[in-house]
Colleague: 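Below is the structure I would like to discuss, written out as structure tokens.
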Amino acid sequence: MIEMQSRNIKNEINEKIHDEILRSNLANFAQQYPLARAKAYANVDSIDELRDELKNMKQYAVNHIEQLADEFESSLEKRGAKVLRAKDGNELKEQLLKICRENNVHNIVKSKSMATEEIKLNDYLQEKGLHIKETDLGEWMLSVAGQHPSHMVMPAIHLNRNQCAHFFSDELKEDIPEDIPYMVQTARRVLRKEFLQADMGISGANFGIAENGAIGLVTNEGNARIVTTIPPIHVIIIGYEKLIPKISDASKIMRLLPRNGTGQRMVSYLTMIDGPTPVIREKDGKMVEENKKLYAILLDNGRLQAAHDPVMKEVYQCVRCASCLNVCPIWSTVGGNVYGHIYSGGIGAILTGLLNGMDEFAQFSDLCIGCRKCTTVCPGEINIPDLIQELRNRRVTQKGLSTPEKIIFQRIMTNRKIFHSLLRAAALGQKPVKSGKFIRNLPLFFAKMTDGRSLPTIASTPFRDRAETLLQQGPKQAKMRIAFFSGCNLDFVFPETGESVVKVLHDVGAEVVYPQQQTCCGKPIIGAGDLATARKLAKQNIEALETAEADYIIVACPTCGETLEKSYQELLADDVVWFKRAQNIAAKIREFSSFIDEMYKKENRMAVVHGSQKITYHDSCHMKRGLGIYKQPRELLNAAGNYDFVEMTNADECCGMAGSFGMKYADLSVQLMDKKLDGIEATGAQTVAVACPSCMIQIGGGLDKKAPQIKVKHIADILAENIVNND
Amino acid sequence: MKKISHAWQKYLQQGFINKKYWQDFRENAQAASVELQEIKEYKDAIPIIEKIIAETGAQQLGAVGEDDNKNLLMVYTALQKQHKLYTDKFAIVKNAPQLDIGFSTAEFGVGETGSVCVDNYAYEARLISMLPPINIVFMDKNNIVNTMTDAFAVLEDVFTEGYTGFVTGPSRTSDIERVLTLGVHGPSRFILFAVENAG
Ligand code: SF4
Ligand code: SF4
């Protein structure tokens, strides 16, 4: 078990936000990466087909992991290698030290291996008096600087040339200019010496092939080739997750890993080593050729348990390409060092939880805002945010909630009357609770926002109190009966938008009902991992919606939509009766803009117009990647009377709100929002349309402070305006 | 020289290689900073190599792959007239740290990526291709497979033990400010002679 210092992640994040070097490195990279990746894939017919193949192969591997390990071991032993298995870092260290002692090893060169960083092998070997050198340039610089890698593929992306030159100078005790080619040549010269005098080479493995015992090493520098060539002893340290059945399966990794990782069609060197290979050395003044000693140590350290975990075994689909970091809005803003000590980003949180323990995971588990960007690029098709959620849930089951969370979730949120009277009290300015912690666990609008955003206010008359009169204005001859599920935001913060929704629905010939017993969909509670409470809310809402006997249930908040449509069935999966009820409700759920798009198309109301006002559109994460809806809102805007629709860059990048995150990490959230605001301003639009009330709070709050001339509007409001105009 | 297979050609000819993949190979190899030289005969390489030696002032050369390739032997022998070129494995190893150019061979190329597959079971072949700042490689121009999937299908038949892999251009790093720099641990120049009449 790795010792864990107590960390203050918030302070660390603030430091990163103000680290100009880091910020500009990450910003440049975030801009270049998607283009490089697309270019690398330009000669591939279907990326998704390749991803499916990789996923299927890796799923087979994890389902047969013991068998593959046995096969890998016997393949290697047959060829003359020695294979060991280590249940954890300590065992591995002892095994390795024994090998070093038996073979009189003093100098070791190492090519990149995350498994060894995970168990802090270098520190240990140094303590034992061995001389060990990292040979990957980035890793070497970091080891010299006493820093940890901030990215799995580009370990030193947080540094600039001045800092690097400084580390070089310190280590080599000579003045090294801030000249990149010079530094690279210096590293070549210095490390070449290390290669030539090394007694042992330690490498990781990008894959290990069971059928012939070969390992594959992926590098651009070529250091892994030298590490596995010159020293007379080679030790492979390989995690179980790297095992694959057949030689040809390696191509399934190799067609994706370089393209996704570095935007290359192929890395400079893919090296494959199968069994002991010859080495020629001078011995007693004579040149002799003999076989190397080859050892392989299979590292468990939590991996086998993960392999047998029906949910978490998905991590075996990871090939460590780090593209999930490259597209992650959080990683792109704060870099990798605020996560675990080796694995960063969303997948890093998961791996840290599985391999280094849940206590460490808990420290940065909420640095995932569930935007699902990573799931669109991951070569192994891993549902990273879902796995993070699963670990959070387990943590809550294990450790329970904090006291304020407990009170809020279990006493307030499950009692609709108390919850709603609290909200009404808040509207009157009677701030019920002041503690930041307390507020953070309530739905968004309780938030105390930071400097960069304006406070959302709670409406004096919530939608639920306006419903009765409003709903009577429906069509005389209704074509259908619709139940409106408002969700907290449209009920208490944007009741006017709720009214717009009803108006638009009336206009397409629907009778609308509003079941008064409906309450918070439960998403914030699911997010915090309190599934028992979430289940109670799910049942309340299902009951309320059933009484409406509607043809459709309309939501104008994609988060509520996702929760009602997907999460309720998952929550109630163990209860046959309730599951069925959840399923029936889910079948009726329609997201507002896609529903109206369909209706308008039927009514031929979708001609493209170019009005006088420019309007742009922001994709909510839950809307685009959760529900898969992104075309329809654009079609509606293109047809909206007064407006001329223009795209913004990175329209589908998260605005930074994402539930309690937006409050807990307020400064970081504002950073994400600012990027979004820049994109909006650049379009020259006077209005930004959204289809999600949470985004409306975040973007609206930001615009109010930074660009008050631009308005944020829910798409329902825009469509409703149009109806007035048509009258 | 020790190789993982002495019958690569036999496996490649099972429907994997085709001249039509050459264009793809050329494009991708050049994009990966491979210095490509298309020649008809092995002997056409000699003047080009002489020029490289003259330009770089290379003094010591090492070469592998001539033992089962008469044409290559002829090239090396021609070079040996003017230059210090080691072909004996022990001599290569002894002088490896000082070599300026290493000559080696590749079995086939991959159209999709511009990579070449190298059979590096022999220790001297690995040193030759990694330690000197320039690596000059000879390959049969007709031996190009379509994709990495095909490349591994070939390896499925061939690779039962030893040391092999794919090389795609020179050694490179982007670890400092993501600025691409060639030649960190391995060669900074990767020159590939694709020989049309290799057979
Ligand atoms: S879901 Fe979004 S925030 Fe979470 S890890 Fe993936 S990209 Fe990052
Ligand atoms: S989770 Fe997916 S995207 Fe992230 S490193 Fe692993 S394979 Fe790559």
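Quick note on labels: first sequence line is chain A, next is B, and so on, each numbered from 1.
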Colleague: When heavy-atom pairs shorter than 4.5 Å are enumerated against chain B, which of A/P181, A/S268, A/S251 gives the highest number?
Modeller: A/S268
Colleague: Would you mind checking which part of A/E221 comes under 4.5 Å of any heavy atom in chain B, side chain (CB onward), backbone (N, CA, C, O), both or neither?
Modeller: both
Colleague: Hey, what do you get for OG1 (A/T229) to CD (B/E124), rounding to the nearest 0.5 Å?
Modeller: 11.5 Å
Colleague: Does any backbone or side-chain atom of A/I157 lie under 4.5 Å from a heavy atom of chain B? Answer side chain, backbone, both or neither.
Modeller: side chain
Colleague: Once you round to the nearest 0.5 Å, how far does CG of A/L50 lie from OG1 of B/T147?
Modeller: 9.5 Å
Colleague: From A/I230 CD1 over to B/L127 CG, what is the distance, rounded to the nearest 0.5 angstrom?
Modeller: 5.5 Å
Colleague: Please find the pair of heavy atoms, one from A/M266 and one from B/S115, that lie closest to each other, and give the distance.
Modeller: CG-OG, 3.2 Å
Colleague: For residues B/L182 and A/Q185, report the shortest heavy-atom separation together with the two atoms involved.
Modeller: O-NE2, 4.3 Å
Colleague: Given side chains that start at C-beta, do those of A/M254 and B/F166 come closer than 4.5 Å, heavy atoms only?
Modeller: no
Colleague: Tell me which of these, B/I92, B/V179, B/T173, B/I4, has more heavy-atom pairs under 4.5 Å with chain A than the rest.
Modeller: B/T173
Colleague: Who among A/S248, A/P276, A/G222 has the most heavy-atom pairs with chain B under 4.5 Å?
Modeller: A/S248
Colleague: Please check if any side-chain donor atom of A/R225 sits under 3.5 Å from a side-chain acceptor atom of B/N120, or the reverse.
Modeller: yes
Colleague: Please step through side chain to side chain contact (heavy atoms under 4.5 Å, CB included) for the pair B/L155 and A/M272, ending with a clear verdict.
Modeller: CA-CA 11 Å; B/L155 287 178; A/M272 290 184 287; 3.4 Å; yes
Colleague: Which of the residues A/R79, A/H158, A/R161, A/M154 is involved in the greatest number of heavy-atom pairs with chain B at under 4.5 angstrom?
Modeller: A/R161
Colleague: Among residues at least two apart in sequence or on other chains, which ones pass side-chain hydrogen bond (donor to acceptor under 3.5 Å, both in side chains) with B/Q60?
Modeller: B/Y86
Colleague: Report which part of B/P170 has an atom under 4.5 Å of a heavy atom belonging to chain A: side chain, backbone, both, or neither.
Modeller: backbone
Colleague: At their closest point, which heavy atom of A/T277 faces which heavy atom of B/G162, and how far apart are they?
Modeller: CG2-C, 3.9 Å
Colleague: Need one label for A/F29: side chain, backbone, both or neither, based on atoms under 4.5 Å from any heavy atom in chain B.
Modeller: both
Colleague: What part of A/N43 gets closer than 4.5 Å to chain B, counting heavy atoms only: side chain, backbone, both or neither?
Modeller: side chain
Colleague: Given a strict heavy-atom distance threshold of 4.5 Å, which part of B/K2 is in contact with chain A: side chain, backbone, both, or neither?
Modeller: side chain
Colleague: Which pair of heavy atoms, one from A/N212 and one from B/F159, lies closest together, and at what distance?
Modeller: ND2-O, 3.2 Å
Colleague: Kindly give the heavy-atom pair with the smallest separation between B/I176 and A/C164, and that separation in Å.
Modeller: CG2-SG, 3.9 Å
Colleague: Is A/L191 in contact with chain B via its backbone, its side chain, both, or neither, using a 4.5 Å heavy-atom distance?
Modeller: side chain
Colleague: Quick check for you: among A/K246, A/R192, A/E289, which has the greatest number of heavy-atom pairs under 4.5 Å with chain B?
Modeller: A/R192
Colleague: Does any heavy atom of chain B fall under 4.5 Å from the side chain of A/T228, the backbone, both, or neither of them?
Modeller: both
Colleague: Tell me, out of B/K94, B/M130, B/K89, who's got the most heavy-atom pairs with chain A below 4.5 Å.
Modeller: B/M130
Colleague: Looking at A/N162, I'd like to know if its CG atom is crowded, meaning that more than 12 non-hydrogen atoms belonging to other residues, nucleotides or ligands lie closer than 6.0 Å.
Modeller: yes
Colleague: Could you tell me which of A/Q163, A/E139, A/R259 has the largest number of non-hydrogen atom pairs under 4.5 Å with chain B?
Modeller: A/R259
Colleague: Heavy-atom cut-off 4.5 Å, strictly under: side chain, backbone, both or neither for B/V154 against chain A?
Modeller: neither
Colleague: Distance from B/T160 atom OG1 to A/K78 atom NZ, nearest 0.5 Å?
Modeller: 11.0 Å
Colleague: Against chain A, work out which of B/N28, B/D150, B/D24 has the most heavy-atom pairs shorter than 4.5 Å and name it.
Modeller: B/N28
Colleague: Find out whether A/R281 and B/V93 are in side-chain contact, i.e. whether some heavy atom of one side chain is under 4.5 Å from a heavy atom of the other.
Modeller: no
Colleague: Calculate, to the nearest 0.5 Å, the distance between atoms CD1 and CD belonging to A/I180 and B/E177 respectively.
Modeller: 4.5 Å
Colleague: Please check if atom CD in B/E38 has more than 12 non-hydrogen atoms from other residues, nucleotides or ligands closer than 6.0 Å.
Modeller: yes
Colleague: For A/I226, is there any backbone N or O sitting under 3.5 Å from a side-chain donor or acceptor partner on B/R126?
Modeller: no
Colleague: Can you check whether A/V267's main-chain N or O pairs, donor with acceptor, with B/R172's side chain at less than 3.5 Å?
Modeller: no
Colleague: Please round to the nearest 0.5 Å and tell me the distance separating atom OG1 of A/T271 and atom OH of B/Y163.
Modeller: 4.5 Å
Colleague: For residues A/V44 and B/E112, determine if any side-chain heavy atom of one lies less than 4.5 Å from a side-chain heavy atom of the other.
Modeller: yes
Colleague: Which heavy-atom pair separates A/P155 from B/D175 by the least distance, and what is that distance?
Modeller: CD-OD1, 4.0 Å
Colleague: Contact part of A/Q264 toward chain B, heavy-atom cut-off under 4.5 Å: side chain, backbone, both or neither?
Modeller: side chain
Colleague: Output the option from B/F152, B/F90, B/Y123, B/Y121 having the highest count of non-hydrogen pairs under 4.5 Å with chain A.
Modeller: B/Y123
Colleague: A side-chain contact here means heavy atoms from C-beta on lying under 4.5 Å apart; do B/T181 and A/M183 qualify?
Modeller: no
